[in-house]
Amino acid sequence: MTFISRIARAIGCLAALVLVTECPAAVSQTAPHATDGSVQLSDGSDGENWPGPGRTFGEQHFSPLSEISTGNVNKLGLVWSMDLPPGNSVSQPLEIDGVLYFCTGYSIIHAVEASTGKELWTYDPKAPEAAGKKLRLAWGSRGIAWWNGNIYTGTQDGRLIAIDAATGKPVWSVMTVDKDDGRYISGAPRVFDGKVIIGHGGADVAAIRGYVTAYDAATGKQLWRFYLVPGNPADGFENKAMEMAAKTWFGEWWKQGGGGTVWNAMSYDPETDTVFLGSGDGSPWNRKIRSQGKGDNLFLASIVALDGKSGAYRWHYQVNPGESWDYNASMDMELADLSIGGRLRKVLITAPKNGFLYVLDRRSGQLISAEPFVKVTWAKGIDQKTGRPIDTPNSRYENGPFLLAPSPVGAHSWLPMAFSRTTGLVYIPALEQDAIYSDKGFELKDWQRPPGFGFNGAVGVEMGKDALGAALIAWNPVTQKQAWRIAMPSIVSGGVVATAGNLVFQGSIDGRFNAYDASSGRTLWSFDAKAPIMAPPISYQVNGRQYVTVMSGAGTSLVLLGAYLEKYGISYRDQKRRVLTFALGGSAALPDAPPYRFVATADPDYRPDTAAAQRGANAYGGTCLMCHGKDGNAAGIAPDLRASPVITSDAAFEAIVADGTLVARGMPRFEDMSKETRDDIRQYLRSLAENARRSGRPATAQGGG
């Protein structure tokens, strides 16, 4: 079958399988017709393809394939691998009718033959060049979507682009945000019923109102938009939902934007034509600033249900009323049918940042249950009658510093969990760390947002010095009890996929790609990928053979873990970013990983200047830390600046930082920063390199990737 005929077949029959809501086998097999004439099954997808971020509308991250099982997974082997260029490689691939699609870096889309790795086409939207200051805000794309022969991607500068899946040529492109508004796209679009829906990020760094927009998937015509927080009442409210939400805000909140971005999680129930949104944190984090320290501030940190056709509000459930910690509800939401209390309930399952696993009735938004799956200090529990958290005294640091757990990184980040239809368990890539919150030193009444896109938390956060660790947690959503737990070697835990072969696949920062018994957690198979694996895997079938594909390499918020990346020998230039594809009987091998190399740059002209270095450290924290990490040692995400010869040359430093000679490679320019500040940052970086030289650490150390 040719590539064109495969796509034609996809258009003709895969619409029946795309992104369906998967529930246990008791669910009806009825196939309702969509408005675009295609047929969408409420269940019954055979798992041959993986056409959306969670495979189905219900985002279960579950494959019904069972050729690879607990009994033979030890025979799993590498079929092919593909080396990737430097850049983010933590997104989730798609597979449709024998073709694998994935994105790298800043929304560069690749199409390859799924069974061989032969590249078919590549599309580069040139997002860094178009992003301007927005290039400073994120690390690249987390994923893509497919519908009816098109691939859909969002870009850092805010475009939503439809690409012909057969040719790699753009079909249409729309700008979903304003050019200089601080909004950007890093999450995957979702597609349903002929519509493509996209949100955005940016609430941490700009005064914005979060919204989602639905477009016609064929033409790019805007169909509807829904805001997650209310705007200025003097301008009128867009709908009754915003009028209702405004009653939960105080002061002149609209001047601070409000926040509530939908930057990641969206699910869809075709049976009721309901879109579920997971909304983000407040802008700024500190409720004292944005809402006079009062009110629930709807719809921050909420699950919001909308009518799929009109975008009209249906219901909401707020996981953190009065959100004050960067806790958001932007983690994936699995839809399932569970037997609870003797009856079948149509539920939504989610494990947001705040450490509780929630089971909601997805038709009404009613709380069914919520229990902590990690250490939690901000709340004593969730009141079953009201659905509201029982706050711990001083949890909003109103009376001084508060030790918060989980930290703002969350108990569960964007990397998806999975729900297994085989075991009925949820598998959560959990992380545990606490942090001290305090707004001491902030003049609240005179507080102003930093100029440009500076961080706007209006609160001090000191991350816990001793991370509590990370784990893969198997959790029973009916009993709200842990089934098993496997500790991870760092404070991050990779994305997960479960399969009908009673398996759970997950990668780790130490370079291992593991298969676990989904019932017991026993490790059944492990592969040395020679590079960190944080990306969520997928599983699919081509010509009757089951495959598992995952991307390796550091990316996204791993930038916060420079010390861990060093521990496992992960460097920006030396690590291998790859696509890895496995099947039973695979016998391909990877070359040995190069030794980890760190050589602090020689700088004979360096002279200490403590005051300048301190000013530089302060400026670095607000501009450079997001990509280059604490103390310059992001390692796997961006170059280790302590080892960069650029910091020894004023001309080279200015060419990159001020003039933007490396914009195309993802390094933003800071032409609006004063020369004095750039000099201070350079002095700080030179002092870090000097400290590294004096520490006596070896020039090279053995390590993976």
Side-chain angles (χ1 to χ4, degrees), residues 203-205 259 280-290 293 301 320 322-328 352-355 372 374-379 391-413 430-444 447-450 454-470 490-492 556-567 610 613-635 637 681 684 687-688 691:
D204 287 331
V205 292
D281 52 85
S283 174
W285 296 0
N286 195 329
R287 188 175 59 162
K288 297 177 187 177
I289 301 296
R290 68 170 190 267
N320 282 102
E323 196 285 314
S324 302
W325 312 274
D326 191 29
Y327 283 169
N328 56 60
K353 275 189 177 183
N354 71 19
V374 294
K375 175 186 174 183
V376 169
T377 64
W378 67 272
D391 289 354
T392 302
N394 195 42
S395 61
R396 287 181 176 79
Y397 40 92
E398 58 267 32
N399 296 312
F402 180 78
L403 183 63
L404 183 83
S407 79
V409 177
H412 176 208
S413 186
L431 45 153
E432 294 195 68
Q433 188 174 26
D434 50 30
I436 298 173
Y437 271 61
S438 174
D439 56 21
K440 181 180 180 181
F442 288 90
E443 294 295 330
L444 299 180
W447 179 83
Q448 295 293 324
R449 186 184 312 277
F455 177 72
N456 69 357
V459 60
V461 181
E462 181 182 346
M463 299 294 286
K465 292 183 171 58
D466 297 320
L468 303 176
S490 73
I491 63 168
V492 293
T556 69
S557 52
L558 284 179
V559 69
L560 303 173
L561 305 173
Y564 284 94
L565 299 177
E566 286 187 290
K567 177 181 178 180
T610 303
Q614 183 57 59
R615 293 193 302 269
N618 295 337
Y620 175 94
T623 54
C624 315
L625 183 146
M626 177 175 287
C627 292
H628 289 282
K630 185 176 182 293
D631 300 328
N633 62 344
I637 315 302
I681 291 175
Y684 168 62
S687 71
L688 293 178
N691 291 339

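Rounding to the nearest 0.5 angstrom, the gap separating the CG atom in Asn618 from the OG1 atom in Thr623 is 10.5 Å. Between the CD1 atom of Ile681 and the OH atom of Tyr620 there is a distance of 9.5 Å, given to the nearest 0.5 Å. Taking CG of Asn354 as the reference point, atom NE2 of His412 lies at 12.0 Å (rounded to 0.5 Å). Summarising the geometry, atom CG belonging to Asp326 is positioned 10.5 Å from atom OG belonging to Ser283; distances are rounded to the nearest 0.5 Å. Atom OG of Ser324 sits about 11.5 Å away from atom CZ of Phe402, to the nearest 0.5 Å. To the nearest 0.5 angstrom, Tyr437 atom OH is 13.5 Å from Asn394 atom CG.
The minimum heavy-atom distance between Arg287 and Glu323, with the atom names listed, is CB-O, 4.4 Å. Residues Gly259 and Ala203 come closest through the heavy atom pair CA-CB, 3.7 Å. Taking both residues in full, the closest heavy atoms of Val459 and Ser438 are given as CG2-O, 3.3 Å, listed atom of the first, atom of the second, then distance. Taking every heavy atom of both residues into account, Asn286 and Lys288 meet most closely at OD1-N, 2.9 Å. The minimum heavy-atom distance linking Pro408 with Val461 is given by the pair CG-CG1, 4.0 Å. When all heavy atoms of Trp285 and Arg290 are compared, the closest pair comes out as O-NH1, 2.7 Å.
The shortest distance between side-chain heavy atoms of Leu404 and Tyr397 does not fall below 4.5 Å. With contacts defined as side-chain heavy-atom distances shorter than 4.5 Å, the pair Val409/Leu431 qualifies. With a 4.5 Å cut-off on side-chain heavy atoms, Asp281 and Asp204 count as touching.
Glu432 places no side-chain N or O within 3.5 Å of a backbone atom of Val374 that could act as its donor or acceptor partner. With Glu462 contributing its side chain and Ile436 its backbone, the two residues share no donor-acceptor pair below 3.5 Å. With hydrogens and angles disregarded, no donor-acceptor distance shorter than 3.5 Å links the side chain of Ser407 to the backbone of Ala435.
Counting only residues at least two apart or on different chains, the salt bridge (Lys or Arg N to Asp or Glu O under 4.0 Å) pairs with a member in residues 395-413 are Asp391-Arg396.
Arg615 pairs by the side-chain hydrogen bond (donor to acceptor under 3.5 Å, both in side chains) definition with Asp680, not counting sequence neighbours.
Between Trp378 and Trp325, the two ring planes are tilted [angle within 30° to 60°].
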